2 protein chains.
Amino acid sequence: MPSIKDVAMKAGVSVRTVGRALYGGGPVKDEVRQRVELAVKQAGYAPNLAARSLKTGRGYLVAALVASGDELHMARLDAFQIEIEAAGFGLHVIFISGGKEPLGLVDSLVRLGVAGLACFHVSATRLRKEFEGRGLRLPAVAFDHQDPGADAVLLDRPRGIEEAVHDLAAKGRRRIAYLGPADPSRLDGYARAVRDLGLPYLVHHPDLKDGEISMGEQGMQELLDKAMQPDGVQAFSDMMAAGALRCCHRRGLRVPQDIALVGFDNRRLALCLWPQLTTVAQPNEEIGRRMACLLLARLRGAAPDAPVIESVTPMLVRREST
Amino acid sequence: MPSIKDVAMKAGVSVRTVGRALYGGGPVKDEVRQRVELAVKQAGYAPNLAARSLKTGRGYLVAALVASGDELHMARLDAFQIEIEAAGFGLHVIFISGGKEPLGLVDSLVRLGVAGLACFHVSATRLRKEFEGRGLRLPAVAFDHQDPGADAVLLDRPRGIEEAVHDLAAKGRRRIAYLGPADPSRLDGYARAVRDLGLPYLVHHPDLKDGEISMGEQGMQELLDKAMQPDGVQAFSDMMAAGALRCCHRRGLRVPQDIALVGFDNRRLALCLWPQLTTVAQPNEEIGRRMACLLLARLRGAAPDAPVIESVTPMLVRREST
DNA sequence: TTGTAAGCGTTATCAT
DNA sequence: ATGATAACGCTTACAA
């Protein structure tokens with residue numbers, strides 16, 4: 001492994017000059033700069049990041065906390081990584097399986113000297129408190145929830161649901177139900193839409209907890225049994241919609257002829273179903289990019305003191321189920 | 001950030017003694033060790049990994065190359081991470097989106113001083129060659145393919161397919177077809193099974209390339225049009241099976257009454273379909289764990305010179321589609 | 001049984 | 001416009 005000394009030797013200058021030539025911080029003769037750059041190429045020199053961060057105290061790793069392996073998180077993370085690496089940082093991914101933090105997570109982050117934190121649908125409030133307890137400030141950006149003092153990118157679910165319900169109404173549906181847990185943001189959008197459209201408020205919250213598919217299947221069953229007679233259903237998620245679809249198949253209800261069905265998330269699953277699922281898509285790439293921008297600005301000290309909150313809007317994707 | 005000096009001061013000993021007390025390497029009085037451990041606790045000391053790896057030259061990060069955000073890779077990676085972190089290493093995940101390596105990947109890995117490499121379905125032959133070109137040996141473990149000189153965990157697909165076909169036959173199916181690309185490992189298992197069972201060899205390779213779902217749908221259509229009259233189908237993947245299922249629905253074929261259908265992978269999707277898909281499951285956690293063991297052994301220098309190749313067996317999961 | 005000190009590769013302060 | 005050198009926190013050979 002060539003070090004900066006080797007480069008200096010090769011170029012016939014001092015290490016200080018190599019530093020100036022590569023990163024600025026003082027005047028360097030053009031001819032010398034060229035010699036240095038050539039020497040870097042020839043030696044295959046790449047600065048040792050361990051040494052750098054030991055010296056500067058600044059870390060070069062950004063940690064991402066991710067709820068285990070979910071397709072949506074991965075899409076966001078992918079976009080996030082690209083921006084982060086383009087800015088010269090490295091991405092350190094930590095999977096939080098089953099809601100449990102890895103043992104000694106804070107320690108390992110401190111030891112690694114992480115420069116910042118990105119939370120993909122996992123709250124890091126406690127974790128950041130621990131950092132503060134050690135006298136460290138850890139810049140952070142979160143998705144879809146607000147950690148106190150952290151920047152955030154929020155998803156405007158109400159808007160997405162509202163658009164979907166309006167679209168159902170535009171297709172002639174008059175009894176549009178909401179199926180799923182009592183999530184305030186989704187219910188807000190649904191409630192606003194049916195009120196504005198003058199349609200009945202039809203909501204069913206299945207109280208099942210074991211997985212979204214069976215929740216969707218059983219919830220749909222109950223919805224039908226309660227004689228709500230829906231001709232359209234906005235589901236909490238694609239997974240729940242898949243369950244609802246199973247119920248319709250079982251009962252011989254045709255989708256979309258008898259009942260139109262809309263999901264939420266636009267998972268790849270939506271394309272695999274019969275019929276293919278109309279759904280509200282999250283702009284995952286945009287989310288990842290925005291999170292990276294926010295965090296990078298803070299790492300560069302170019303962000304205001306107060307947390308920056310941004311909002312992204314989901315988009316309706318029309319398929320066979322409506 | 002407390003350093004080892006602070007701990008030494010607090011405990012009233014030298015840094016050398018702290019080192020011995022914490023990591024061994026010489027005798028330490030019990031009483032002194034206790035004082036040191038107390039001081040570590042009180043100071044909240046955690047060794048600075050940048051300094052350590054600068055000094056030792058050994059990295060503490062293991063890099064994982066992953067084909068972007070796939071659910072199966074994530075499950076394996078999750079298990080992999082747990083073992084790696086338990087061994088005191090950190091995991092550095094790199095997503096290879098769309099088959100393209102991030103620009104300057106080798107450089108960034110060198111600079112990070114990664115200790116080892118894990119390839120989840122991405123070949124790293126070229127990458128490791130580049131490392132060798134710089135005079136660095138990079139221990140590596142791969143999944144599902146053999147990189148020269150690297151350890152590997154292979155999936156015994158033939159066994160999995162064979163078991164599935166036998167299961168179809170046991171349920172009375174006599175015309176079992178294989179639907180999918182001409183993947184040698186899967187075809188091997190299929191061919192062996194139908195031969196052993198004395199059943200006809202019915203194979204259709206759709207030459208469509210645009211996504212596995214439409215490939216499954218169109219492939220199934222062609223399979224039926226060719227009058228192969230299958231009463232059972234082993235698909236290349238769950239995604240293809242989902243497409244095949246769509247075709248059956250469209251044509252009014254009942255699954256499993258008219259045709260039984262088996263997928264491969266056991267994605268979460270399999271539970272969302274109607275009917276729920278019987279499929280060949282990959283033991284993802286085991287794969288991740290084994291890869292970690294192999295790599296850790298090599299990092300500790302406890303592995304033989306020759307590459308170690310292990311094999312894991314998939315398992316049939318019976319659901320509604322058979 | 002314990003302590004001293006060198007050195008890893010970088011950055012940055014100072015002098016030239 | 002350039003160079004010598006100290007310091008970051010850690011590990012470890014060597015001295016005591």
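These numbers come from a predicted model, not from an experiment. Naming convention: chains lettered A, B, ... in sequence-line order (proteins, then strands); numbering from 1 in each chain.
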A/Asn48 CG to D/dG9 P, in whole Å, measures 16 Å

Close approaches to DNA chain C from residues 30-40 of chain B, in residue order (heavy atom, under 4.0 Å):
B/Val32

Going by the ring pair (Phe, Tyr, Trp, His ring centres under 6.0 Å) test, which pairs reach into residues 48-90 of chain A, not counting sequence neighbours?
A/His73-A/His121, A/Phe80-A/Phe120

To the nearest angstrom, how far is B/Leu22 atom CG from D/dT12 atom P?
13 Å

Measure NZ/B/Lys5 against P/D/dA7 and give the value in whole Å, please.
9 Å

At a 4.0 Å cut-off to heavy atoms of chain B, the contacted part of DNA chain C spans C/dT1 to C/dG9

Under-4.0 Å side-chain N/O to phosphate OP1/OP2 contact, B/Thr56 with D/dT11
no

Under the 3.5 Å rule, do the base of D/dA7 and the side chain of A/Lys55 count as making a donor-acceptor pair?
yes

Taking only residues two or more places apart in sequence, or in another chain, which ones meet B/Arg58 in a side-chain contact (heavy atoms from CB on, under 4.5 Å)?
B/Thr56

Measure from the side-chain N and O atoms of A/Asp151 to the backbone N and O of A/Val308, and report whether any donor-acceptor pair falls under 3.5 Å.
yes

salt_bridge(B/Glu37, B/Lys41) N-O dist < 4.0 Å:
no

How many Å lie between CZ on A/Arg52 and P on D/dC10, as a whole number?
21 Å

Using side-chain contact (heavy atoms from CB on, under 4.5 Å) as the criterion, list what pairs up with B/Ala86, not counting sequence neighbours.
none

Quick check: does any side chain N or O of A/Arg298 sit under 3.5 Å from a backbone N or O of A/Pro304, one acting as donor and the other as acceptor?
yes

Heteroatom pairs (N/O) under 3.5 angstrom, protein to nucleotides 14-16 of chain D:
none

Round to the nearest Å and state the distance from A/Leu54 atom CG to D/dA6 atom P.
17 Å

If you fit an axis to the five pairs at each end of the helix from C/dT1-D/dA16 to C/dT16-D/dA1, how big is the angle between those two axes, to 10 degrees?
40°

Partners meeting ring-ring contact (aromatic ring centres under 6.0 Å, His included) with B/Phe95 (sequence neighbours left out):
none

To the nearest angstrom, how far is A/Ile4 atom CD1 from D/dA4 atom C1'?
14 Å

Excluding sequence neighbours, so at least two apart, what forms side-chain contact (heavy atoms from CB on, under 4.5 Å) with A/Ala21?
A/Val28, A/Val36

According to side-chain contact (heavy atoms from CB on, under 4.5 Å), who are the partners of A/Leu38, at least two apart in sequence or on a separate chain?
A/Gln42

Does the pair B/Asp183/B/Arg157 count as a salt bridge with the N-to-O cut at 4.0 Å?
no

Salt-bridge contact B/Asp70-A/Arg268 (side-chain N to carboxylate O under 4.0 Å):
yes

Please, which pairs that meet side-chain hydrogen bond (donor to acceptor under 3.5 Å, both in side chains) have at least one residue in residues 124-139 of chain B, sequence neighbours excluded?
B/Glu101-B/Arg126, B/Asp107-B/Arg134, B/Ser123-B/Thr125, B/Thr125-B/Asp147, B/Arg126-B/Glu130

Atom-pair distance (CE on B/Met1; P on D/dG9), nearest Å
9 Å

For A/Val13, answer base if it contacts any base atom (sugar-phosphate contacts may also be present), sugar-phosphate if it contacts only those atoms, and nothing otherwise; contact means non-hydrogen atoms under 4.0 Å.
sugar-phosphate

Taking CZ from A/Arg111 and C1' from D/dT11, how many angstroms apart are they, rounded to a whole number?
15 Å

Test: B/Arg52 cationic atom under 6.0 Å from B/Tyr23 six-membered ring centre, within 45° of axis
yes

Using heavy-atom distances to pick each residue's nearest nucleotide on DNA chain C, tell me which of B/Ala51 and B/Ser14 is more 5'.
B/Ser14

Summary of side-chain hydrogen bond (donor to acceptor under 3.5 Å, both in side chains) pairs that have at least one residue in residues 285-296 of chain B, sequence neighbours excluded
B/Glu286-B/Arg290, B/Arg290-B/Glu310

